[in-house]
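One structure is given here, and the rest of the page talks about it.
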Amino acid sequence: MAEINHFEYGWITPALSYALSVLGSVLGLICAGRIRTASSAGQRAWWGILAAWAIGGTAIWTMHFMAMLGFAVSGSRIRYDVPVTVVSALLAVVAVGIGLAIVGTGRLSAVRLLAGGLFTGAGVAAMHYTGMAAMRLNGELGYDPTRVALSLLIAVVAATAALWLAMTVRRGVAIFASALVMGVAVNGMHFTGMSALSVHLHERRGEVAGAEVGSLLIPIVLLVIFGVVGLVYALLAAPTDEDRAAAAYLAARRAPAAEPVGDDSPDPVGLRARSTLARPGAQFPSRRDRPPR
């Protein structure tokens with residue numbers, strides 16, 4: 001059995017992974033809050049996609065990959081299968097998206113929350129172990145069933161809590177505090193699953209196929225940067241409740257006044273013409289404008 005090191009670069013990789021999970025959770029909770037105030041099905045779908053990308057893509061999958069940078073196995077180099085790695089990312093985003101769709105349609109209930117938590121938690125666990133299956137090294141991976149079951153339980157509990165927070169938390173301080181808790185849960189699930197891993201090296205060691213961590217790091221970092229910038233821009237560009245209320249107020253103030261109802265009654269002395277003197281540009285009535293007696 002090979003010696004495994006989960007913190008090859010010290011605490012920098014777990015610190016960065018926790019920071020990414022908190023950042024993704026903050027953005028995801030804010031986007032999920034916009035789902036509740038959306039005025040159309042299209043807007044709800046748009047904010048649901050952004051929330052799924054923030055939570056599933058940044059808070060969960062990117063955190064997983066960042067933590068894997070510190071993973072090393074003595075006696076073997078580690079490579080990654082790119083298509084399988086991409087599939088693991090899609091699993092996280094889709095699982096969170098479906099979970100948000102379950103709890104975000106209709107009235108929030110315990111049944112919806114439990115169903116969404118079970119589905120999302122299973123999807124997150126599938127993402128983790130699919131990402132582990134993407135590793136290529138001179139050895140075979142083994143797992144402790146008890147710790148695998150524990151990681152699955154943590155994933156379901158964390159997903160259920162995340163969905164409940166996404167549907168109930170509204171204020172800034174509460175969102176940040178909830179993101180800190182979600183970061184602990186996501187990292188706890190990851191490192192619990194990693195603790196279940198064991199590696200048995202092959203007697204014959206050949207060349208390991210796949211992409212190196214360094215070649216995947218740059219595109220993933222760029223993806224995170226552009227993704228976070230895009231999420232922040234979408235949040236800043238979208239009108240808030242206060243913006244919509246102010247726009248409605250200004251529209252009501254700018255609405256033209258109702259035109260007076262026409263009066264066909266006789267006006268022998270020209271009083272109706274004189275009533276227009278207060279209007280800008282109105283001409284003073286003359287004797288020629290009076291009707292004949």
Side-chain angles (χ1 to χ4, degrees), residues 6-7 9-37 47-48 50-70 89 92-93 95-97 99-100 103-104 108 113-114 116-118 120-121 123-125 127-128 131 150-195 220-221 223-225 227-236 240:
H6 297 283
F7 308 102
Y9 302 106
W11 288 98
I12 185 172
T13 49
L16 289 175
S17 65
Y18 179 74
L20 284 172
S21 61
V22 172
L23 176 61
S25 298
V26 168
L27 295 174
L29 290 175
I30 296 175
C31 292
R34 299 296 177 90
I35 298 175
R36 300 190 297 267
T37 60
W47 289 115
L50 293 182
W53 170 255
I55 297 176
T58 303
I60 297 176
W61 183 80
T62 308
M63 169 268 146
H64 165 84
F65 191 84
M66 183 59 65
M68 290 303 296
L69 292 179
V93 176
V96 173
L100 288 171
V103 301
L108 182 63
L113 187 61
L114 182 60
L118 286 173
T120 305
V124 171
M127 177 281 303
H128 174 82
L150 181 59
S151 67
L152 178 60
L153 177 62
I154 294 175
V156 171
V157 173
T160 304
L163 293 176
W164 179 78
L165 292 171
M167 294 295 107
T168 56
V169 173
R170 296 177 182 271
R171 297 185 178 181
V173 176
I175 289 176
F176 184 71
S178 301
L180 294 176
V181 175
M182 289 173 62
V184 173
V186 171
N187 283 264
M189 179 269 163
H190 172 82
F191 287 107
T192 300
M194 293 301 295
S195 68
I220 289 176
V221 169
L223 184 64
V224 170
I225 293 174
V228 170
V229 170
L231 288 169
V232 172
Y233 176 79
L235 290 170
L236 294 177
T240 62

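Residue indices begin at 1 and follow the sequence shown. These values consider heavy atoms only, across backbone and side chains, with no hydrogens, waters or symmetry-generated copies.
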Q) Nearest 0.5 Å, what's the CD1-NE2 distance between Ile60 and His64? A) 11.5 Å
Q. Is the side chain of Ser151 donor-acceptor paired with the backbone N or O of Met189 at a distance under 3.5 Å, no angle test?
A. no
Q.
If you define the side chain from C-beta out and look only at heavy atoms, does anything of Thr13 sit under 4.5 Å from Met68?
A. no
Q) Looking at CE of Met63 and NE2 of His190, how far apart are the two atoms once the value is rounded to the nearest 0.5 Å? A) 4.5 Å
**Q.** Spatial distance of atom CG (Leu50) from atom CD1 (Ile55) [nearest 0.5 Å]
**A.** 11.0 Å
(Q) Atom CG of residue position Leu223 - does it have more than 12 heavy atoms of other residues, nucleotides or ligands inside 6.0 Å? (A) yes
Q) Just wondering, do Val96 and Trp53 contact through their side chains at under 4.5 Å, heavy atoms? A) no
(Q) Could you work out, with side-chain contact (heavy atoms from CB on, under 4.5 Å) as the rule, every residue matching Leu27, not counting sequence neighbours? (A) Leu23, Ala54, Val228, Leu231, Val232, Leu235
Q: Mark yes when over 12 heavy atoms from residues, nucleotides or ligands other than Phe7 sit less than 6.0 Å from its CZ; otherwise mark no.
A: yes
(Q) Within the 4.5 Å heavy-atom criterion, are Pro14 and Asn187 side-chain neighbours or not? (A) no
Q: State, with a plain yes or no, whether a side-chain heavy atom of Leu180 is found less than 4.5 Å away from one of Tyr18.
A: yes
Q.
Using the rule side-chain contact (heavy atoms from CB on, under 4.5 Å), only one of Leu114, Ile35, Leu113 pairs with Val103; which is it?
A. Leu113
Q) So how far is it from Thr160 OG1 to Leu118 CG, rounded to the nearest 0.5 Å? A) 6.0 Å
